[in-house]
Amino acid sequence: MASVASKIYSDDVSLLVLLLDTNPLFWSNTSTTFSQFLSHVLAFLNAVLGLNQLNQVVVIATGYSSCDYIYDSSSLTSNVNSESGRTGTPALFGSLLEKLEDFIDKDEELIKEQEHGDRIGSSLLSGSLSMALCYIQRIFRSGHLHPQPRILCLQGSPDGPEQYVAVMNSIFSAQRLMVPIDSCYIGTQNSAFLQQASYITGGVHHAPKQLDGLFQFLTTIFATDLHTRSFVQLPKPVGVDFRASCFCHKKTIDMGYVCSVCLSIFCEHHKKCSTCGSVFGQSKLDGASTVSDKKRKAPDS
């Protein structure tokens, strides 16, 4: 038996970790229903599994207040021929639909218990990215042959600026593990988080205008493995939004102050860094404004 140079099966075997946006606050305000969206996603997952018998799919539900694993094809291969009890749905996804229904019910209960205040109705993207990376890291350390992992974010909810630090940490972790993060944004406004995630990790970002042909977009763009992508023409990043969120008010800003020690970002000048405790000097912008104010004042005669 020939020795294996790496722990990867081959170039065309993939481990797809899908982050599914189930935020009820988003789906209650869209023209497309969640059931229609889910039908496209299930057909796409079935196509990915059909491309190669060694392909694996993991689905993580991303809600408003929580996230959880709802499907793992590697642990359900023995139940492929079992009956699902749902018409028009492959038997393989029977457990996925049951766990997804339970997850949505629990997430809606958590929404009712929490006080929203001024918080944006964003999904817990930082949590689902962390769970995806933990699963991939466990696969890396299993000691067995594994497929090439990649993450696909199916997101519709707006970005939550309060998750900026956690999301960026996950993005840089994926970059270090050489795990590309693909993103398909189905909301009205584009996502700066997903644009940066795909750009930094070498993934593909796409925001389809119409969701009627979502299955075609998913199969032609995101079903391709990493080896095949070098032969096909995929959407290239255009105008990536690199704006950051401040650490003090969790707001997206175009210009701000950066701590030279820990690189924390603030929208206003502070005397002391709230992250590392470094003491700041007087801001040059504040000093320039003070000098200009003095020049505007006429001297007393």
Any [X] side-chain heavy atom under 4.5 Å of [Y] side chain:
| X | Y | value |
| --- | --- | --- |
| Asp225 | Val13 | no |
| Phe222 | Val204 | yes |
| Asp212 | Leu214 | no |
| Ser191 | Pro158 | no |
| Leu129 | Val167 | yes |

With no hydrogens and no angle check, is any side-chain donor or acceptor of [X] less than 3.5 Å from a backbone partner on [Y]?
| X | Y | result |
| --- | --- | --- |
| Asn52 | Leu54 | yes |
| Asp107 | Ser65 | yes |
| Tyr69 | Ala132 | no |
| Asp182 | Cys153 | no |
| Arg229 | Thr224 | yes |
| Thr219 | Gln216 | yes |

From [X] atom [atom1] to [Y] atom [atom2], the distance as rounded to the nearest 0.5 Å:
| X | Y | atom1 | atom2 | answer |
| --- | --- | --- | --- | --- |
| Tyr71 | Ser95 | OH | OG | 6.5 Å |
| Ile60 | Ser128 | CD1 | OG | 6.5 Å |
| Ile70 | Glu98 | CD1 | CD | 12.0 Å |
| Cys184 | Gln155 | SG | CD | 10.5 Å |
| Gln210 | Ile186 | CD | CD1 | 14.0 Å |
| Met178 | Ile136 | CE | CD1 | 12.5 Å |

#### Entry: OH/Tyr135: more than 12 non-hydrogen atoms of other groups inside 6.0 Å
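More than 12 heavy atoms, drawn from other residues, nucleotides or ligands, come within 6.0 Å of this atom.
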
Using distance alone, with no hydrogens and no angle criterion, decide if [X] and [Y] have a side-chain donor and acceptor under 3.5 Å apart.
| X | Y | value |
| --- | --- | --- |
| Ser122 | Ser157 | no |
| Thr62 | Asp21 | no |
| Thr30 | Thr32 | no |
| Ser14 | Asn55 | no |

### Message
Would you call the rings of Phe193 and Tyr164 parallel, tilted or perpendicular, taking 30° and 60° as the class edges?
### Response
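If you compare the ring of Phe193 with that of Tyr164, the planes turn out tilted.
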
### Message
Please verify the inter-ring angle class for Phe37 with Phe34; under 30° counts as parallel, over 60° as perpendicular, anything in between as tilted.
### Response
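Phe37 vs Phe34 ring planes: tilted.
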
Does [X] belong to the same Ile/Leu/Val/Met/Phe/Trp/Tyr cluster as [Y], with side-chain heavy atoms less than 4.5 Å apart forming each link?
| X | Y | value |
| --- | --- | --- |
| Leu110 | Leu125 | no |
| Leu96 | Ile104 | yes |
| Phe231 | Val48 | no |
| Val58 | Ile139 | yes |
| Leu51 | Leu16 | no |

### Task
Would you please test His146 and Phe140 for ring pair (Phe, Tyr, Trp, His ring centres under 6.0 Å) and show each step?
CA-CA 7 Å; His146 60 78; Phe140 283 161; 5.0 Å; yes

### Query
Are His205 and Tyr185 near enough that their ring centres are under 6.0 Å apart?
no

